[in-house]
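Structure first, then comments.
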Amino acid sequence: MLEKHTGVARQRGTQPWPTPRRIATISVHTSPLDQPGTGDAGGMNVYVVEVARRLADAGVEVEIFTRATASDLPPLVEMAPGVHVRHVTAGPFEGLAKEELPGQLCAFTAGVLRAEAARPPGFYDLIHSHYWLSGQVGWLAKERWGVPLVHTAHTLAKVKNAQLAAGDRPEPKARLIGEEQVVAEADRLVANTGSEADELIKHYGADPAEVTVVEPGVDLDRFTPPPAGDRAVARLVARRRLGLPPHGYVVAFVGRIQPLKAPDVLLRAVAALRRRDPRLAAELTVAIVGGPSGSGLDRPTALIELAASLGISDTVRFLPPQTGDDLPAVYRAADVVAVPSYNESFGLVALEAQACGTPVLAAAVGGLVTAVRDGVSGVLVDGHDAEDWARALGTLLTEPRRRAELSRGAVRHASDFSWARTASGLLTVYREAVAEHRSRLVSKFSDGSTVQPAGAC
Ligand code: UDP
């Protein structure tokens, strides 16, 4: 039966579950030190960083293994108290696409194993791998170290391929097979939402007893609503800071620019709105924040060209990826944040915007159905038809009272999510995984095997 953790640790019988002292987090293809919102860095990076900090606060040390992408990177970087990033050399530092990384997994795994071999025995109590490439590394490391493997997929190829944008490249079969292997080998699978858990069970044959839903969070100290009554002033200040027009409507898209995220759907909707309601559209600015990523790198200027071909270049402003500290200004500058993705494992941008009090117009897909409460904190749109999106956007923009209501609902809804809660949920999964792994080893040992329990927790 599926469990959804809300941060309440449990005990089995009278025995408290052991808490891991130190975990190895694996993030092969993207570094927690990278700027999210461009290339391969996005929500997973934010997730790994935020959770590591909260785990360290709870007394669990975290070492994050990632591939070195420059020759001058120090082998070990302290990112925060109790959180280290270890750069593993595997393949050329630059010019290696994510799709080419399967060929470097052996080198990466060797680097991880060598790093551990230089530590005292039983240094890590558990491995948490993120994305299937890391799961492949974690699978081997867990067997060598005699510790449990917890895996989070973040995205699943079978789901992605079923919801591809027109003309987007499907994920290769090698990834599908690799994901199936990791699902079979991991001791525990963490899903962002109930629907992701269902996908793991139905499409990847995961054992329901090994799948736990732990929802991602949002930094509620960073992403805050403007003080009551000051929303208009906060909007003006934010727009000035970003160089956006002080008056009129702003609709923002924030994230990696690639077909899967469907920023083109927003542009087509704005073009449709211009045909339906030219006066309203004349008051509108679309802010696209982020950099090219994935198959979006094939033609990084595609969106600029699309805006020109739709005749809306004057309406669209492109802003480079923003740091986490600068993002609240983007969300506050906007009347609406659009998330038209074809699929999202969760959709952190939607949560961050809502925490800032900005309603979200999102596609009713994947994790967005959880991240946005339709009619309460935002509006969910079925499908990606430009006319449907234009209608939904036009309605939202012309109904200020509804937007104000949704804004209040957005703040309330986002307040249910926090990284502390996510870390607490993960810690419960870790404790269970360590306890189960240990009891399996103990029974194997008492059966006459030479295997001894590893890791004194
Ligand atoms: N992000 C950022 N700067 C940008 C654009 C995005 O820091 O310019 C961050 C954003 O705050 C969010 C993450 O990138 O936390 C994107 O996560 P999301 O789940 O929305 O999408 P993903 O990248 O995982 O597909």
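Every number for a ligand or one of its atoms is a count from 1 in the order of the listing.
- In summary, the atoms of ligand 1 found under 4.0 Å from a heavy atom of Val254, numbered by their order in the structure, are 5 (C), 6 (C).
- In the vicinity of Val289, heavy-atom distances shorter than 4.0 Å reach the ligand 1 atoms 8 (O).
- Side-chain contact between Arg373 and His413: present, with at least one pair of heavy atoms (C-beta onward) separated by less than 4.5 Å.
- Ring-centre distance between Tyr131 and His151: not below the 6.0 Å cut-off.
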Check step by step if salt bridge (Lys or Arg N to Asp or Glu O under 4.0 Å) holds for Glu50 and Arg54.
CA-CA 6 Å; Glu50 297 289 347; Arg54 282 10 175 243; 2.5 Å; yes

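- In summary, the aromatic rings of His87 and Phe65 are positioned with their centroids too far apart to meet the 6.0 Å limit.
- Below 4.0 Å from some heavy atom of Gln322 lie the following atoms of ligand 1, by number and element: 2 (C), 3 (N), 4 (C), 7 (O), 8 (O).
- A salt bridge links Arg235 to Asp335: one of the charged nitrogens lies within less than 4.0 Å of a carboxylate oxygen.
- Backbone and side-chain nitrogen or oxygen atoms of Gly290 are examined, and none is located within less than 3.5 angstrom of a nitrogen or oxygen of ligand 1.
- At least one heavy atom of Gln35 sits closer than 4.0 Å to an atom of ligand 1.
- Contact atoms of ligand 1 toward Leu327: 1 (N), 2 (C), 3 (N), 7 (O), 10 (C), 11 (O) (distance under 4.0 Å to a heavy atom of the residue).
- Close approach of ligand 1 to Gly37 (heavy-atom distance below 4.0 Å) involves ligand atoms 4 (C), 5 (C), 6 (C).
- Ion pairing between a basic and an acidic side chain is recognised when a charged N comes within 4.0 Å of a carboxylate O; Arg175 and Glu179 show such pairing.
- Under a 4.0 Å criterion applied to the non-hydrogen atoms of Val46, ligand 1 contributes the atoms 15 (O).
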